[in-house]
Asker: 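I have a structure here, written as structure tokens, and I will follow up with some questions on it.
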Protein chains: 2
Amino acid sequence: MRGLGEGLMQKPLTVAEQVANVLRESIAEGSLAAGTPLRQDDLAERFGFSRMPVRDALRQLEAEGIVSIHPTKGAHVARMDAAEIREIFAVRALLEGEALRLSIPNLGKEKLDEAGYVLNQIDAEPNVGRWGTLNRAFHLALYSACGNTRLLGLIEAHHNAADRYVRILLSNLNYRSRSQSEHRDLLTTCRHRDAEAAVRVLKRHLSEGMETLARAGDGLAGKS
Amino acid sequence: MRGLGEGLMQKPLTVAEQVANVLRESIAEGSLAAGTPLRQDDLAERFGFSRMPVRDALRQLEAEGIVSIHPTKGAHVARMDAAEIREIFAVRALLEGEALRLSIPNLGKEKLDEAGYVLNQIDAEPNVGRWGTLNRAFHLALYSACGNTRLLGLIEAHHNAADRYVRILLSNLNYRSRSQSEHRDLLTTCRHRDAEAAVRVLKRHLSEGMETLARAGDGLAGKS
DNA sequence: ATCTGTATCCTCGTATACGAGTATCCAGAA
DNA sequence: TTCTGGATACTCGTATACGAGGATACAGAT
């Protein structure tokens, strides 16, 4: 739950946060697979810093649910089995559904246009690595007027936690076109200001993504 | 979000966690008011440890939303204004409503009896400091069968974050008796396995608590 | 051959030390 | 008297150092 309550007050960028950002991206991108052990010494040497900022970064990522830490046993990239993926998507459906319902009445035209622009960007983007980020940007744009900072923070945190799995989804060209189609349906419904219908479309969208993942992903987490 | 995914695998209790626990309780209890600066040196000396575990503890509490940390400026007990309290309770209503709805069909008799027992404990408990814990135990007992560990983790985290304000509520004898009455209504509805009615009672219960707090608590957060 | 006990190694948790940034306070000038 | 400039003190972030606990591998005994 990173920077949950506080909006965007400028804080000096500490080394620990930079390390955390790089690790988060590496995990989301897939170059650090689930279960990969994260040795403090190794990371410190690779990054060129000491172990202390690395420790802080790992703690931060643990709080986000991306890595697991066991005292004396070390840290590793968090594993997620199909059951946990279902849990995350259930929570996402709950949180995002409510956020969308609250947001639609206050959603300005510029935000709707921004969401539409992001959709076009997704279609035009050849780089697989950016789809996850763009996908998140689209969703958050629609929720941005919900008026509850904390709710938005939770949603963003869950996007981060599930990012690497969503990217697996999006790397499937078949799913991607279907997802885009659902995205456009959702945007259209939002433009009509029909909150309940939009929530239905959204929940269906999430539900389908979850099923696709859970079906294909039983072997994703690696062995224990 | 402490120990969110992982249930109860035994981990060695580190000094940092002990410090975090003590600080969390001190904040919830009220002896550390909102806005109180938390100097690493002071805390290290008071606890008899070095600054490192204190740093870890503060990071952990920051992740829980209980303290705020600014690099080079230090940490202080997180402030909450009326708006943020409303946000927290809105999220709680959403999360706990869903958890209750999912839980009721699978709720065993022993859990219902446990919840009832906790209610009697609250009536009999003279120590103000335990009401917050008991209150949380009652609610979590009702949600325990929801089947979503992550959802339960989020709920517990938000209880922790709001604990000190809930305790202010509960220290008001008037509110406390009304709250207990609502608790018993809720339990009765749960025993009848009427999920929708129970969710209505719960949301109303939370809404009343929020209003009482927000009305009385505009000046709670202290000055910025 | 297998099982057990022991010794080594490896990793983390904690302590201490150092450097950098910021806020504060006092002195001097307008 | 007030404002500005600089110096000092304070706090955090980071680096290095040390001790403890667990896992593993090897040797010996059954």
Side-chain angles (χ1 to χ4, degrees), chain A residues 2-3 6 8-24 27 32-63 66-79 222-224, chain B residues 2-3 6 8-24 27 32-63 66-79 222-224:
Chain A
R2 214 164 64 86
E6 42 269 320
L8 29 77
M9 57 183 81
Q10 40 179 320
K11 297 187 178 183
L13 197 55
T14 172
V15 173
E17 293 179 49
Q18 299 178 39
V19 173
N21 289 337
V22 173
L23 286 178
R24 183 174 18 244
I27 292 172
L32 286 177
T36 305
L38 301 170
R39 307 287 168 213
Q40 299 179 353
D41 291 333
D42 295 4
L43 295 176
E45 196 177 5
R46 289 165 59 96
F47 283 105
F49 297 106
S50 87
R51 268 175 52 208
M52 285 301 121
V54 173
R55 276 177 59 76
D56 285 348
L58 290 177
R59 290 263 173 188
Q60 198 168 325
L61 294 176
E62 185 196 26
I66 299 177
V67 310
S68 300
I69 299 181
H70 183 114
T72 77
K73 282 190 57 175
H76 58 86
V77 180
R79 281 183 246 273
K223 63 188 184 312
S224 185
Chain B
R2 218 162 59 87
E6 42 268 320
L8 28 77
M9 55 183 85
Q10 39 180 318
K11 297 186 180 183
L13 198 57
T14 173
V15 173
E17 293 179 48
Q18 299 178 38
V19 172
N21 289 337
V22 174
L23 285 178
R24 185 177 15 246
I27 292 172
L32 285 177
T36 305
L38 300 171
R39 306 288 170 212
Q40 298 179 353
D41 290 332
D42 294 5
L43 295 176
E45 195 177 6
R46 290 167 59 98
F47 283 103
F49 297 106
S50 88
R51 269 175 50 207
M52 285 301 121
V54 172
R55 277 176 59 76
D56 286 349
L58 290 177
R59 290 264 173 186
Q60 198 169 326
L61 295 176
E62 185 196 27
I66 298 177
V67 310
S68 301
I69 299 181
H70 183 114
T72 75
K73 283 191 60 177
H76 58 87
V77 180
R79 282 182 244 275
K223 64 188 184 311
S224 181

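Convention: sequence-line order gives letters A, B, ...; per-chain numbering from 1.
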Asker: Could you check Asp42(B) against Phe49(A) and say which one's nearest nucleotide on DNA chain D is further toward the 5' end?
Answerer: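 Counting from the 5' end, the first nearest nucleotide belongs to Asp42(B).
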Asker: Quick one, Pro37(A) and Arg39(A) - any side-chain contact, counting heavy atoms below 4.5 Å?
Answerer: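 Yes - at least one pair of side-chain heavy atoms lies under 4.5 Å apart.
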Asker: Please tell me which of the listed nucleotides, dT14(D), dG13(C), dT14(C), lies nearest to the side chain of Pro53(B)?
Answerer: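 Per side-chain heavy atoms of Pro53(B), the pick is dT14(C).
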Asker: What is the separation between atom CD on Glu45(B) and atom P on dC12(D), rounded to the nearest whole Å?
Answerer: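 In whole Å, dC12(D) P and Glu45(B) CD are 13 Å from each other.
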Asker: For dG21(D), take OP1 and OP2 only and decide whether either is under 4.0 Å from a side-chain N or O of Thr72(A).
Answerer: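 Answer is no, no contact under 4.0 Å.
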Asker: Starting from P on dT14(D), measure out to CZ on Arg55(B) and report it in whole angstrom.
Answerer: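 To the nearest whole Å, that distance equals 7 Å.
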Asker: Measuring only between side-chain heavy atoms, which start at C-beta, is Arg24(B) closer than 4.5 Å to Asn21(B)?
Answerer: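 With C-beta onward as the side chain, the pair touches.
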Asker: In whole angstroms, how far is the C1' atom of dT11(C) from the NE2 atom of His76(A)?
Answerer: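 Rounded to the whole Å, the gap is 14 Å.
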Asker: Select one nucleotide: of dG13(C), dC12(D), dT16(C), the one nearest the side-chain heavy atoms of Arg39(B).
Answerer: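 Shortest atom-to-atom distance from the side chain points to dC12(D).
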Asker: Calculate the interatomic distance between Asp56(A) atom CG and dC12(D) atom C1'; express it in whole Å.
Answerer: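 Taking CG of Asp56(A) and C1' of dC12(D), I get 11 Å after rounding.
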Asker: Nearest whole Å is fine: how far is dT11(D) P from Leu43(B) CG?
Answerer: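 Rounded to whole Å, this separation is 12 Å.
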Asker: I want to check one thing: is the phosphate of dC10(D), taken as OP1 and OP2, less than 4.0 Å away from some side-chain N or O of Gln40(B)?
Answerer: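 No, no such contact exists.
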Asker: Roughly how far apart are Ser50(B) OG and Leu43(B) CG, rounded to 0.5 Å?
Answerer: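 Output value for this atom pair is 12.0 Å.
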Asker: If I take atom CZ in residue Arg51(B) and atom C1' in nucleotide dA15(C), what distance separates them, rounded to the nearest angstrom?
Answerer: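 Distance, rounded to whole Å: 11 Å.
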Asker: Take the protein atom NZ of Lys73(B) and the nucleotide atom C1' of dA23(C), then report the distance between them rounded to whole Å.
Answerer: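 Rounding to the nearest Å, NZ of Lys73(B) and C1' of dA23(C) are 10 Å apart.
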Asker: Base, sugar-phosphate, or nothing for Leu38(B), non-hydrogen atoms under 4.0 angstrom?
Answerer: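 Sugar-phosphate only.
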Asker: Any non-hydrogen side-chain atom of Leu23(A) less than 4.5 Å from a side-chain atom of Leu58(A)?
Answerer: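 The answer is yes, as the side chains (C-beta and beyond) meet within the 4.5 Å cut-off.
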Asker: Taking atom C1' of dG13(D) as reference, at what distance in whole Å does atom CZ of Arg59(A) sit?
Answerer: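 Between C1' of dG13(D) and CZ of Arg59(A): 17 Å.
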Asker: Check this for me: Glu45(B), atom CD, are more than 12 non-hydrogen atoms of other residues, nucleotides or ligands nearer than 6.0 Å?
Answerer: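 Result for CD/Glu45(B): open.
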